[in-house]
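Accompanying notes for the structure given below.
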Amino acid sequence: MNTYDLIIQLALERGFYFPSSELYADASAGFWEYGPNGVRMKNKFLDLWRRELVRRDNMLEIDGSQIMSKSVFTASGHLSNFTDPVVKCKKCSSSFRADKLIQEVANVEVPERLANEFVDNLIKENNVTCPLCKGELSNAERFNMMFKIEIGPDHDEAYLRPETCQSIFVDFSRIYKVSRGKLPLGIAQIGKSFRNEISPRQGLLRLREFYQAEIEVFCNPSKLNDLSKFDDVKDTLLRFYDGHYLELSVQEALDRNILPNKLVGYYLALLVEFFEKTGIDKKRTRLRRLSDDEKAFYSTVAFDFEVDTSIGWLELVACNYRSDYDLKSHSVTSKTNLEVMDEEVKVLPHVFELSLGVDRCIYSIIEHSYFVDRENEDRAVLKLRPYLSPIHAGVLPLLKKPEFKKKSNKLVTLIQKDFDIFYDEAGSIGRRYRRLEEIGTPFAFTIDHQTLEDDSITVRYRDSMKQERIRIEDASSFLFANIYSYEKMQ
RNA sequence: GCGACGGUCGUCCAGUUUGGUCUAGGACAUCAGAUUGCCAAUCUGGUAACCCGGGUUCAAAUCCCGGCCGUCGCACCA
């Protein structure tokens with residue numbers, strides 16, 4: 001079995017994630033839900049993100065609506081740009097991107113945003129037929145990737161947001177004022193986004209409803225190299241890729257013009273340092289600068305943070321320099337001045353964004369942590385960092401006897417408000433260890449005969465399987481020290 | 001969305017060719033009990049599935065049609 005299949009099997013069997021509405025046959029693809037272990041892990045991942053990015057850089061976090069008005073997407077460009085002209089063959093009913101087809105067959109440059117009638121005309125003029133069976137083509141139809149929503153009894157048009165950041169742009173002016181912000185200012189948001197993908201596939205990797213953790217850094221475009229905190233990260237190593245790999249410090253990358261300015265370098269460094277703490281193997285990650293035709297329509301400079309998985313390179317974070325595209329268009333559409341004061345100068349901020357796909361990260365972390373221990377009966381171990389593990393520690397009475405239970409309960413009470421604890425008394429002790437490590441639990445506390453005599457317990461380490469004794473009242477400080485410190489575990 | 005192939009307990013698989021003996025079998029997992037007492041032990045017992053809808057037939061897991069989902073290829077992927 002390949003790695004992807006092993007991971008999905010683990011996810012299904014252990015309640016990390018599974019298909020939505022699976023009880024019913026009309027459940028459609030692209031919707032997945034997190035089970036108990038998945039939620040625990042996702043929450044911890046998001047905590048880490050908050051800690052290493054939001055708190056570290058004093059960003060402000062908001063939580064916006066998933067449904068937003070039509071005007072928002074008129075301004076953002078999603079209504080016109082997030083749509084593809086599609087034609088169908090009347091004979092074999094294959095469908096094609098109209099613009100690409102015409103371009104290919106007639107060698108005519110076709111703008112993506114061309115109205116349907118013009119597309120139809122081009123097809124007639126150039127005698128474009130179905131490339132598969134030469135059949136006649138239908139009129140062009142628009143396929144917009146946004147989910148359309150109706151509000152209230154009058155069916156007012158609105159949309160599910162295709163990216164979380166639009167609320168940040170729309171809210172920017174108020175947030176900046178009420179929090180007495182200063183440029184550069186990061187505004188962050190975790191939430192669901194929705195895209196009506198034509199063919200969602202591969203579980204959490206391409207969803208129609210998915211979590212994003214986005215950061216929009218608002219900055220003064222004339223001060224992109226005026227950033228004192230840059231020195232904190234200037235030696236951080238970044239791995240670039242443009243056909244070959246290049247590992248450079250942020251400073252070197254700036255000197256070589258691989259990075260456009262200090263601000264971009266600083267935030268890419270924070271991002272890379274964050275990912276080092278997720279347990280994803282740094283050697284299997286890269287920053288890839290996108291070419292012009294790969295970039296999103298709003299982006300001027302774009303890097304993708306990518307990770308190598310068993311099914312190829314996967315984009316985890318899109319890092320786009322969006323310039324003033326968003327604030328300017330919202331400013332024009334809403335007829336509101338969104339300029340702010342930056343040290344006595346009026347400026348329309350530019351935006352650098354770090355748009356992270358949470359679900360893809362969860363998958364990648366699980367895959368990079370999955371390990372089969374060939375030296376110990378092929379035990380499956382999820383070597384998650386302790387602070388990302390769904391369960392922090394197991395509490396296991398060696399024997400299923402009242403006096404062991406009593407001591408176990410005492411221990412559980414002592415630690416369960418601060419940590420995620422799983423109590424398990426069923427089956428052999430070895431089996432219980434194996435079940436815990438399969439979902440990444442870094443520590444197991446065992447209540448044994450000696451516990452009854454001197455209130456000491458065994459700590460068993462997931463990776464090394466080694467054991468040591470600690471006092472029962474030290475369990476809490478043991479966990480604090482070993483979970484929240486980012487030191488390598490034993 | 002197109003094409004090919006597929007969908008059976010939580011997971012993996014047998015059964016479909018040739019409709020009936022399938023009241024659907026096994027392994028692992030899981031639950032209960034016994035036993036052991038620090039690394040997936042053993043024994044006994046239990047829970048648990050034919051993707052959905054329609055059709056053919058005396059009879060459908062099995063044949064036919066439609067839908068949904070999955071894998072692969074094509075296309076698509078801010």
Side-chain angles (χ1 to χ4, degrees), chain A residues 1-2 4-6 8-15 18-31 35 73 76-78 81-84 86-89 92-97 100-101 104 130-133 141 143-146 161-166 193-203 205-208 210 212 214 290 294-299 302 304 311 314-315 318 320 322 353 355 357 373 376-380 396-401 404 426-438 444 446-450 457-458 460-462 465-467:
Chain A
M1 210 190 294
N2 67 35
Y4 177 81
D5 290 333
L6 285 170
I8 192 122
Q9 187 175 328
L10 178 73
L12 291 171
E13 283 184 349
R14 297 301 183 190
F18 41 82
S20 178
S21 313
E22 65 178 337
L23 215 47
Y24 292 98
D26 64 352
S28 46
F31 300 95
F73 302 110
S76 72
H78 284 92
N81 289 324
F82 215 53
T83 165
D84 298 327
V86 176
V87 288
K88 273 198 172 183
C89 171
C92 71
S93 71
S94 310
S95 58
F96 307 92
R97 274 280 295 268
K100 302 230 161 161
L101 188 62
E104 224 169 80
C130 172
L132 296 181
C133 72
E141 283 177 35
F143 181 75
N144 193 298
M145 302 250 295
M146 284 197 293
R161 60 184 179 186
E163 52 180 11
T164 53
C165 58
Q166 289 308 322
S193 289
F194 305 82
R195 292 180 195 175
N196 202 356
E197 295 282 354
I198 296 172
S199 56
R201 271 185 196 175
Q202 289 171 318
L205 303 185
R206 198 137 123 234
L207 297 164
R208 289 188 165 127
F210 58 102
Q212 289 187 304
E214 292 199 299
L290 299 189
E294 281 182 297
K295 282 185 316 201
F297 59 87
Y298 44 69
S299 183
D304 274 356
I311 49 172
L314 194 63
E315 175 195 333
N320 293 302
R322 300 174 74 125
E353 100 177 331
S355 171
D373 187 353
N376 291 288
E377 300 93 31
D378 290 351
R379 67 183 184 128
L396 315 175
L398 188 60
L399 305 186
K400 203 172 173 179
K401 288 184 179 171
F404 287 82
S428 77
I429 191 72
R431 175 176 292 285
R432 284 179 275 164
Y433 288 145
R434 296 291 157 91
R435 273 195 294 236
L436 283 171
E437 62 203 12
E438 196 182 6
T446 309
I447 282 71
D448 54 22
H449 295 95
Q450 202 180 324
I457 50 176
T458 334
R460 186 256 193 191
Y461 292 89
R462 175 193 67 200
M465 297 166 65
K466 284 188 183 137
Q467 302 192 345

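Convention: sequence-line order gives letters A, B, ...; per-chain numbering from 1.
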Quick one: label [X] by what it contacts on the DNA or RNA (base, sugar-phosphate, nothing), any heavy atom closer than 4.0 Å.
X	value
A:A380	base
A:F210	base
A:E377	base
A:Q467	base

Looking only at side-chain atoms of A:R434, point me to the closest of B:G37, B:A40, B:U11.
->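 Closest nucleotide to the A:R434 side chain: B:A40.
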
Who pairs with [X] by side-chain hydrogen bond (donor to acceptor under 3.5 Å, both in side chains), at least two apart in sequence or on another chain?
X	result
A:R435	A:D424
A:D373	A:N376, A:R379
A:D448	A:T451, A:T458, A:R469

Between [atom2] on [N] and [atom1] on [X], what's the gap in Å once rounded to a whole number?
X	N	atom1	atom2	answer
A:K401	B:G37	NZ	P	9 Å
A:L10	B:C12	CG	C1'	15 Å
A:Q212	B:C77	CD	C1'	14 Å
A:L23	B:G53	CG	C1'	16 Å
A:R432	B:C38	CZ	P	11 Å
A:L12	B:A48	CG	P	21 Å
A:D378	B:C39	CG	P	18 Å
A:D5	B:C72	CG	C1'	13 Å

In Watson-Crick or G-U wobble terms, both distances under 3.5 Å, what is the partner of [N]?
N	value
B:C5	B:G70
B:A49	none
B:A27	B:U11
B:G20	B:C58
B:G33	B:C43

Taking the same atom, [atom1], in [N] and in [M], what whole-Å distance lies between them?
N	M	atom1	answer
B:U57	B:C63	C1'	10 Å
B:G66	B:U23	P	29 Å
B:G15	B:A24	C1'	8 Å
B:G67	B:C76	C1'	23 Å
B:C5	B:U21	C1'	31 Å
B:G25	B:A4	C1'	31 Å
B:C9	B:G1	P	26 Å
B:U56	B:U62	C1'	13 Å

Phosphate oxygens OP1/OP2 of B:A41: is one of them under 4.0 Å from a side-chain N or O of A:S428?
-> yes

Locate the shortest heavy-atom distance separating A:L396 from A:R432; write the atom from each residue and the value.
-> CB-NH1, 3.9 Å

Between A:L12 and A:F18, what is the shortest heavy-atom contact and its length?
-> CD2-CB, 3.8 Å

Scan nucleotides 28-35 of chain B against the protein and return all N/O pairs shorter than 3.5 Å with their distances rounded to 0.1 Å.
residue, atom, partner, partner atom, Å
B:A29, OP1, A:R431, NH1, 3.3
B:A29, OP1, A:R431, NH2, 3.0
B:U30, OP1, A:R435, NH1, 2.4
B:U30, OP2, A:R431, NH1, 3.1

Between the protein and nucleotides 68-70 of chain B, are there any N/O to N/O pairs under 3.5 Å, and if so, what are the atom names and distances?
residue, atom, partner, partner atom, Å
B:C68, O3', A:A27, O, 3.3
B:C68, O2', A:A25, O, 2.4
B:C68, O2', A:A27, O, 2.9
B:C69, OP1, A:A29, N, 2.7

Spell out, as yes or no, whether a donor-acceptor pair under 3.5 Å connects the side chain of [X] to the backbone of [Y].
X	Y	result
A:S21	A:Y24	no
A:E438	A:A380	no
A:Q212	A:T164	yes

Identify, between A:M465 and A:N320, the residue whose nearest nucleotide on RNA chain B lies closer to the 5' end.
-> A:M465

Ranking A:R379 and A:S355 by the position along RNA chain B of their nearest nucleotide, the one closer to 5' is A:R379

Can a donor-acceptor pair under 3.5 Å be found between the side-chain atoms of A:E197 and the base atoms of B:C77?
-> no

Residues passing the salt bridge (charged side-chain N to carboxylate O under 4.0 Å, His left out) test with A:E197, sequence neighbours excluded, are A:R206

So, is the end of the A:R460 side chain (NZ or CZ) under 6.0 Å from the ring centre of A:Y433 and within 45° of the ring's axis?
-> yes

Could you verify whether a donor N or O on one side chain and an acceptor N or O on the other, from A:S193 and A:E163, lie under 3.5 Å apart?
-> no

Any side-chain heavy-atom pair of A:R208 and A:F31 under 4.5 Å =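 A side-chain contact exists here, since the closest heavy-atom pair is under 4.5 Å.
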
